[in-house]
Protein chains: 2
Amino acid sequence: MRPLFHPALEDIKPEAILYALSDPERVAIYAKLAGASGSGTCSALADLGDRVIPKSSLSNHFKVLRESGLIMSERQGVEMRNQTRCTELDERFPGLIKAILTAYGQLPGQPKTD
Amino acid sequence: MRPLFHPALEDIKPEAILYALSDPERVAIYAKLAGASGSGTCSALADLGDRVIPKSSLSNHFKVLRESGLIMSERQGVEMRNQTRCTELDERFPGLIKAILTAYGQLPGQPKTD
DNA sequence: ATCAATAGTTCCGAATTTCCGAACTATGGA
DNA sequence: TCCATAGTTCGGAAATTCGGAACTATTGAT
């Protein structure tokens, strides 16, 4: 297994962020992660309510999020810990992530973000 | 030629906005349009400095921008007038467009946005 | 009215990207 | 060592994107 790539803060490209978050499934995963207290493992985030994302697709979603700079992943034993890089990111792109999550939140059909 | 489709404000989807603006060429076009005083025709926006976008690609870019709700296009004689819907959009998704344009603007290699 | 020029759209095929099942890899127990 | 668990990689079918060539709409000239 190749080591996971994480871009340095200054290498993060806005187009990659926007692209990553232009997929509602990915946003849902990211939003859960952003609001999560603990875990943040892949499997814990696989269930979107209306659909369970296949393993390989999920893995790819995490890869896109990771390589765009949105999240940090690290192996912890047999599972993978994921956490957002939102503090860093907000430094680089002020207000961006918040505006995006707010935009999605305003949409009907997202009753709880628990 | 099919009539041009413009989504109603309430039908605009954040994923469409993010997708449309996840392409640097499209952002460049949009930013020019947002900063433009007059024209806003396709051909006037085709020249990005480093490359001249082919007609059909350009037409497609405008279609993506239009159908995502970012711009309004209307025929005026032989040409097409395009204008941003940024005021409306900011009402629906507060701060979003500004944060995105700011994020792109901070990138090196975009010396002038004239 | 017809013709030519201009501005942009549509069509369609090649190249690229996405999606996901199946096979594989890494780690931690029993 | 062998098994179970969590996730990654492979590979090919399906969907998307890109852009040249052909087409359409409008204006102006003859």
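A note on names: the letters A, B, ... follow the listed sequences, proteins ahead of strands, and every chain is numbered from 1.
- For the pair His61(A) NE2 and dC19(C) P, the computed distance is 6 Å after rounding to whole Å.
- At least one side-chain nitrogen or oxygen of Arg51(B) sits closer than 4.0 Å to the OP1 or OP2 atom of dG19(D).
- Side-chain proximity of Arg75(B) to the nucleotides dT9(C), dT26(D), dA6(D) is greatest for dT26(D).
- Of the two residues near DNA chain C, Glu25(A) and Asn60(B), the one whose nearest nucleotide lies more 5' is Asn60(B).
- In this structure, of dG7(D), dA7(C), dC19(C), it is dA7(C) that holds the atom nearest to the side chain of Val78(B).
- No contact: Arg26(B) has no heavy atom under 4.0 Å from any strand.
- Atom C1' of nucleotide dT18(C) and atom CD of Glu15(B) are separated by 17 Å, given to the nearest angstrom.
- Note on Ser57(A): a side-chain N or O is less than 4.0 Å away from OP1 or OP2 of dC20(C).
- Place Ser56(B) and Glu79(A) on DNA chain D by their nearest nucleotides, and Glu79(A) ends up nearer the 5' end.
- Nearest to the side-chain atoms of Pro54(B) among the listed nucleotides dT8(D), dG8(C), dG20(D) stands dG20(D).
- Atom CG in Leu58(A) sits about 16 Å away from atom P in dT18(C), given to the nearest Å.
- Look at Arg81(A) and you won't find any side-chain N or O under 4.0 angstrom from OP1 or OP2 of dG7(D).
- If you check every strand for non-hydrogen atoms under 4.0 Å, Arg66(B) touches sugar and phosphate atoms only.
- Counting atom types as modelled, Ser59(A) pairs no side-chain N or O with a base atom of dG7(D) as donor and acceptor under 3.5 Å.
- Comparing dT8(D), dA7(C), dT24(D) by their closest approach to the side chain of Met1(B) singles out dT24(D).
- When distances are taken from the side chain of Lys55(A) to each of dG7(D), dG8(C), dT26(D), the shortest belongs to dG7(D).
- Atom CG in Asp90(B) sits 8.0 Å away from atom CD1 in Ile97(B) (nearest 0.5 Å).
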